[in-house]
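Below, chain A is the first sequence line, B the second, and so on; all start at residue 1.
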There are 2 protein chains.
Amino acid sequence: MTLDRYDRAILNALQKDSSISNLDLSKLIGLSTSACLARTKNLKELGVIKQFTTIVDERRLGMETIAFIMVILSPLNRETANFFLEQINKLPQVLECYSITGNKDYLLKIVVKDMPTYKDFVIDSLMSIPGVSRVETSIVINTEKRTLSIPTED
Amino acid sequence: MTLDRYDRAILNALQKDSSISNLDLSKLIGLSTSACLARTKNLKELGVIKQFTTIVDERRLGMETIAFIMVILSPLNRETANFFLEQINKLPQVLECYSITGNKDYLLKIVVKDMPTYKDFVIDSLMSIPGVSRVETSIVINTEKRTLSIPTED
DNA sequence: CTTGAAAGAGACACGTC
DNA sequence: GACGTGTCTCTTTCAAG
């Protein structure tokens, strides 16, 4: 499965604005509507397109505090890891969780209302998970850049 | 400006799947199509809805390496910071950039093809920016959780 | 891949209550 | 806020080149 320049153009356009109509999209990339629609459909079925979604301004929802937390699990074994991830997946404040290389085990992205809520979250929800031994917090001062557009080449 | 439960329901649904039709959306949240459409429009105009976008599977695009990089700028003054952010905004490999509290200044999320490309990126694109004195890399082993759904309450 | 046609669905602006 | 109506555009499928 290899993507040609039309597929890439479709993906780029949809990443910028998924509400574009198939008609406009086909004009934009220089294909007929039928060909364009078939490709978009195909990209969805192949799993290249995972989801159409909406980016919401967290600030305007009253969620003012964004934080990244690095977590060390100990002991780091399959049991504690599985249980940790199970809990993480249940917590709506955790938007992202990555297992990473380096001297920390996990990196979490957190969104909450304010700092007091953040403090409660860390103590009550995070530190209370068995195996979570140390956490290191970085509060986001400002989002300088944020895009979902994966480069489609290089 | 305060959002009621209908607005929240709209936002939750659109975050899950922005390709839902207004008809289905109105059924889902229990409003008429006209009321539902007016609210969605309003949320867009208010800036609560920032963008409709598409989540693409980076792996299937051949972008196998995701990394988080923490950057220390020195000297950290307005000039180096501005220039740094200017360069960052030009680099398509940098999907996200946050200024953060703690002993690092910035946190970047990077997506590239493979590790050799990553090495080149750090040396040629990142370290070559004046003021970038130290970087600390965490390669993503696995994405354990990833959602864009901002909690609409709490 | 393209073009063209045809049918169905949804968007959207109006009124009215 | 709900509902109905009408128009218009887009989607979607299907031919045939």
What is the distance, to the nearest angstrom, from the [atom1] atom on [X] to the [atom2] atom on [N]?
X: A:Leu25; N: D:dT12; atom1: CG; atom2: C1'; answer: 15 Å
X: B:Leu23; N: C:dA9; atom1: CG; atom2: P; answer: 11 Å
X: B:Ile29; N: D:dG1; atom1: CD1; atom2: C1'; answer: 12 Å
X: B:Arg39; N: D:dG1; atom1: CZ; atom2: P; answer: 4 Å
X: B:Leu37; N: C:dG10; atom1: CG; atom2: C1'; answer: 10 Å
X: B:Leu31; N: D:dG1; atom1: CG; atom2: C1'; answer: 8 Å
X: A:Tyr6; N: C:dC1; atom1: OH; atom2: P; answer: 9 Å
X: B:Asn22; N: D:dC10; atom1: CG; atom2: C1'; answer: 15 Å

Exercise. Quick check, are the ring centers of B:Phe52 and A:Phe52 under 6.0 angstrom apart?
Worked result: no
For this session: Measure centre to centre between the rings of A:Phe68 and B:Tyr98, then say whether the value is under 6.0 Å.
Result: yes
Exercise. With a cut-off of 6.0 Å (strictly less than), are more than 12 heavy atoms of other residues, nucleotides or ligands near NZ of B:Lys104?
Worked result: yes
Exercise. In terms of heavy-atom contacts, does CZ of B:Arg5 have more than 12 from other residues, nucleotides or ligands at under 6.0 Å?
Worked result: no
For this session: Let me know, please, whether B:Ser34 or A:Lys41 comes out on the 5' side of the other along DNA chain D by nearest nucleotide.
Result: B:Ser34
Exercise. So what does A:Ser21 hit on the nucleic acid, given a heavy-atom distance under 4.0 Å: a base, only sugar-phosphate, or nothing?
Worked result: sugar-phosphate
For this session: Tell me which nucleotide among C:dT2, D:dT11, D:dA2 gets nearest to the side chain of B:Ala35.
Result: D:dA2
